[in-house]
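To find a chain, count down the sequence lines: A is the first, B the second, and so on, and within it residues start at 1.
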Amino acid sequence: AQSVSQHNHHVILSEAASLELGCNYSYGGTVNLFWYVQYPGQHLQLLLKYFSGDPLVKGIKGFEAEFIKSKFSFNLRKPSVQWSDTAEYFCAGVSGGYNKLIFGAGTRLAVHP
Amino acid sequence: KAGVTQTPRYLIKTRGQQVTLSCSPISGHRSVSWYQQTPGQGLQFLFEYFSETQRNKGNFPGRFSGRQFSNSRSEMNVSTLELGDSALYLCASSSSGPSGRLTDTQYFGPGTRLTVL
């Protein structure tokens with residue numbers, strides 16, 4: 001079955017620490033991958049997306065992710081987090097171009113000042 | 001451009017009742033998808049509509065249904081509510097075309113929080 005998994009369910013960091021959130025997908029064919037963020041009390045917002053081309057994609061707010069096909073991974077990174085990055089982060093994929101998103105379980109990130 | 005809007009934002013119902021939720025997509029978007037978000041199951045795809053037709057469907061019982069109008073606005077209906085239907089219901093729209101393939105990003109609304117007592 002198609003699935004997207006996020007290994008870190010809760011992450012706690014101090015400001016200025018580096019961040020890497022793992023995401024793996026388990027389906028083949030055309031792969032479209034996304035990272036969404038949900039700030040407290042707000043709706044899901046797109047951070048970045050990968051459809052094709054350069055496997056290193058840059059998104060908003062200094063986030064980036066690298067698509068590694070051989071590892072079925074699409075990890076999210078940020079070199080220096082801020083308190084305002086406290087949120088829940090979701091990795092999602094679309095397999096074969098079907099117009100539905102398969103979400104990972106989410107990672108709750110807490111950044112302490 | 002205005003974002004995706006959903007009404008109502010909060011609903012409280014009792015078991016056995018039915019409920020209708022509404023979603024207005026971003027202007028020009030013809031694809032509307034619905035998702036259920038719960039603490040236990042996370043975000044799960046319900047269904048997607050394009051040009052008033054359901055194109056894709058998730059693994060939910062028939063009590064969950066939807067429709068889309070000619071102006072792309074969409075409604076979803078849940079009949080015979082169960083306690084487990086308590087969730088945040090999210091609507092997303094995209095500029096996806098008629099082929100059923102995802103060609104652009106899905107933009108999410110704020111959701112409707114449904115509580116079933």
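- For A/Lys61, there are no salt bridge (Lys or Arg N to Asp or Glu O under 4.0 Å) partners, not counting sequence neighbours.
- Linking ILVMFWY residues whenever their side-chain heavy atoms come closer than 4.5 Å, directly or via other members, places A/Leu47 and A/Leu13 in the same cluster.
- Residues B/Tyr49 and B/Phe60 share a hydrophobic cluster, clusters being chains of Ile/Leu/Val/Met/Phe/Trp/Tyr side chains in contact below 4.5 Å.
- Within residues 109-117 of chain B, the residues that have a heavy atom under 4.5 Å from a heavy atom of chain A are B/Gly109, B/Pro110, listed by number.
- At a heavy-atom cut-off of under 4.5 Å, chain A is reached by no residue from residues 67-85 of chain B.
- A chain of hydrophobic side-chain contacts below 4.5 Å, direct or via other Ile, Leu, Val, Met, Phe, Trp or Tyr residues, connects A/Val94 to B/Phe108.
- Follow the hydrophobic side-chain contacts under 4.5 Å out from B/Trp34 and you never reach B/Tyr107; the two are in separate clusters.
- One hydrophobic cluster, built from ILVMFWY side chains closer than 4.5 Å, cannot hold both A/Leu56 and A/Tyr50; they sit in different ones.
- Remark: A/Tyr89 engages no residue in a side-chain hydrogen bond (donor to acceptor under 3.5 Å, both in side chains) (not counting sequence neighbours).
- Contacts between A/Gln45 and chain B at a heavy-atom distance below 4.5 Å are absent for every atom of the residue.
- Neither the backbone nor the side chain of B/Leu46 comes within contact range of chain A, judged by heavy atoms closer than 4.5 Å.
- A 6.0 Å sphere centred on CZ of B/Arg15 holds no more than 12 heavy atoms belonging to other residues, nucleotides or ligands.
- The shortest distance between side-chain heavy atoms of A/Leu44 and B/Leu43 falls below 4.5 Å.
- By the neighbour-count criterion of 12 heavy atoms within 6.0 Å, atom CZ of A/Arg108 is sparsely surrounded, having that number or fewer from other residues, nucleotides or ligands.
- The shortest side-chain heavy-atom distance between A/Gln38 and B/Gln37 falls under the 4.5 Å cut-off.
- Checking side-chain atoms of B/Tyr35 against main-chain N and O of A/Leu101 turns up a donor-acceptor pair under 3.5 Å.
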